[in-house]
Amino acid sequence: MRDFEYLAPSTLVEALQLLSQAAGQARLLAGGTDLLVRMKDGTVNPGQIIDLRQVAELRGIREEGGMIWIGAMTRHSEVASSPLIQAKAPLFSEACRLIGSWQIRNLGTLAGNLVNASPAADSVPPLFTLDAEVILANHRGERTVPVALFAEGPGRTCLGKDELLTSIRFQPLPETAVSFFLRAGQRRALAISKTSLAFTGILDDRHSTWKEVRIALGAVAPTVIRAHRAETYLVGKPLSRKALEEAAAIVSEEAKPIADVRSTIEYRRLVTGNLLIQGLWPLMKED
Ligand SMILES: Cc1cc2nc3c(=O)[nH]c(=O)nc-3n(C[C@H](O)[C@H](O)[C@H](O)COP(=O)(O)OP(=O)(O)OC[C@H]3O[C@@H](n4cnc5c(N)ncnc54)[C@H](O)[C@@H]3O)c2cc1C
């Protein structure tokens, strides 16, 4: 590793000032589970490290003004074990519970997972179906960006050089919502997702047809994507196995994966559709 200057601000204002003075030469440190790997293999060589771990304003989970607010430095283990998230966005807590291992979840943060901009980042598909917003700040002020516009490609985001991600917010799901996050990897733990799927759906008052549906897919395109055609297909459809199988076939078509050392295109497409079937099958009635 090359030498670097280590800075540890204790407030957000201080962190933003340091970032603006660094003129693009600094890297922010959250949990370090991505950044340190890259610094050790030499792909990232920052002149300065701005460690955000002492900035208390960037931590926490709360409900305010009808929205759920989560500080950027909140760790995956904190999201997974939060009673508020378990009640109001259970699929998000499920996704964070599946990330890496205990050690990774106790260090890794939401900001790191989002800024890393991996299409396989597990916390991101649930945030797409929750229509979450990310809040970005620099020393001049802040702006809000829909999570779907934050990542622009593998490893690329809309963050400016002097900006940091401060928090994430979204509306809680209604109690009656159906939601889940499922992923397929080489192993159950410590394996990058080969494909993943997040689902949120609201049924009509008689619990017989879908009124609203959101589906997001991970690891099958350059960024996480929504499966808009499958969503539109399912709205108004009954809880039938036939409709579910058709929706899964559409999901498989909407997935645009690459082939790599971990999977073939055909495998990823088929399994992505099957994740929808796996998640919704217990709700289905006989056709
Ligand atoms: C063994 C192992 C297993 C893993 N398993 C999984 C897995 O199953 N699923 C998964 O999704 N990921 C996994 N990861 C990847 C990683 O743990 C996650 O992406 C994690 O959330 C990164 O968070 P961090 O806080 O450690 O980020 P860091 O490494 O500290 O930072 C990552 C990037 O984000 C930037 N950054 C951090 N905070 C901010 C901020 N507030 N504003 C702007 N930029 C910021 C940093 O400068 C850096 O570029 C794994 C990693 C390892 C090493």
Side-chain angles (χ1 to χ4, degrees), residues 4 6-9 12 15-16 18-20 22 24-41 43-59 70-80 92 94-127 134-138 142-143 145 150-151 154-168 181-196 198 218-219 223-224 262:
F4 55 84
Y6 173 81
L7 303 162
L12 179 56
L16 292 173
L18 291 172
L19 196 55
S20 96
Q25 297 308 306
R27 278 288 180 130
L28 296 164
L29 174 73
T33 61
D34 278 319
L35 184 60
L36 289 182
V37 175
R38 281 161 205 236
M39 286 172 68
K40 282 181 181 165
D41 72 16
T43 46
V44 174
N45 290 302
Q48 280 184 345
I49 286 288
I50 303 176
D51 183 347
L52 297 175
R53 285 174 300 172
Q54 289 177 38
V55 183
E57 297 137 276
L58 295 177
R59 277 224 149 89
I70 310 183
M73 286 293 288
T74 306
R75 299 183 190 113
H76 301 306
S77 55
E78 293 169 314
V79 177
F92 190 36
E94 281 162 33
C96 290
R97 191 163 34 80
L98 292 172
I99 290 179
S101 60
W102 280 107
Q103 292 89 335
I104 295 292
R105 291 191 292 275
N106 281 338
L107 283 171
T109 63
L110 286 182
N113 205 226
L114 278 155
V115 176
N116 199 30
S118 160
D122 289 312
S123 73
V124 180
L127 291 173
V134 295
I135 295 131
L136 313 179
N138 64 13
E142 60 175 39
R143 64 183 174 122
V145 177
F150 181 68
R156 283 190 294 115
T157 71
C158 70
L159 260 180
K161 284 201 185 328
D162 63 350
E163 278 184 314
L164 66 77
L165 199 158
T166 61
S167 56
I168 297 150
F181 172 80
L182 290 169
R183 68 175 205 170
Q186 194 68 26
R187 298 175 296 273
R188 278 169 190 267
L190 276 173
I192 298 168
S193 292
K194 294 176 174 192
T195 172
S196 65
T223 63
V224 171
R262 288 180 293 121

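Values below: all heavy atoms of this structure, side chains included; hydrogens, waters and symmetry mates excluded. Start at 1 and go down the list; that is how both ligands and their atoms are numbered.
Residue nearest to atom 51 (C) of ligand 1, selected from D51, T74, T157, I104: I104 (by heavy-atom distance). Of the listed residues (C96, G112, G108), the one carrying the non-hydrogen atom nearest atom 32 (C) of ligand 1 is G112. Remark: among candidates D122, L29, L28, the nearest residue to atom 9 (N) of ligand 1 is D122, based on non-hydrogen atoms.
Distance alone, capped at 3.5 Å, places no donor-acceptor pair between the Q186 side chain and the A191 backbone. Looking at T43, its side chain does come within 3.5 Å of a backbone N or O of R38 through a donor-acceptor pair.
For N113, a nitrogen or oxygen atom sits less than 3.5 Å from a nitrogen or oxygen atom of ligand 1, counting backbone and side chain alike. For ligand 1, the polar-atom distance check against I99 finds no nitrogen or oxygen pair separated by under 3.5 Å.
From the protein, the heavy atom lying nearest to atom 39 (C) of ligand 1 is A111 CB, 3.8 Å. Here the protein heavy atom with the shortest distance to atom 4 (C) of ligand 1 is G100 CA, 4.0 Å.
Within 6.0 Å of atom CZ in R27, 12 or fewer heavy atoms from other residues, nucleotides or ligands are found, so the atom counts as exposed in its surroundings. Atom CG of L7 is surrounded by more than 12 heavy atoms from other residues, nucleotides or ligands within 6.0 Å.
Residue pairs meeting the salt bridge (Lys or Arg N to Asp or Glu O under 4.0 Å) criterion with at least one partner in residues 107-124, sequence neighbours excluded, are D122-R183.
Contacts between T166 and ligand 1 below 4.0 angstrom, taking non-hydrogen atoms only, are absent altogether. Contact annotation for M73 and ligand 1: no heavy atom of the residue comes within less than 4.0 Å of the ligand.
For atom 14 (N) of ligand 1, the protein comes within 4.0 Å by no heavy atom at all.
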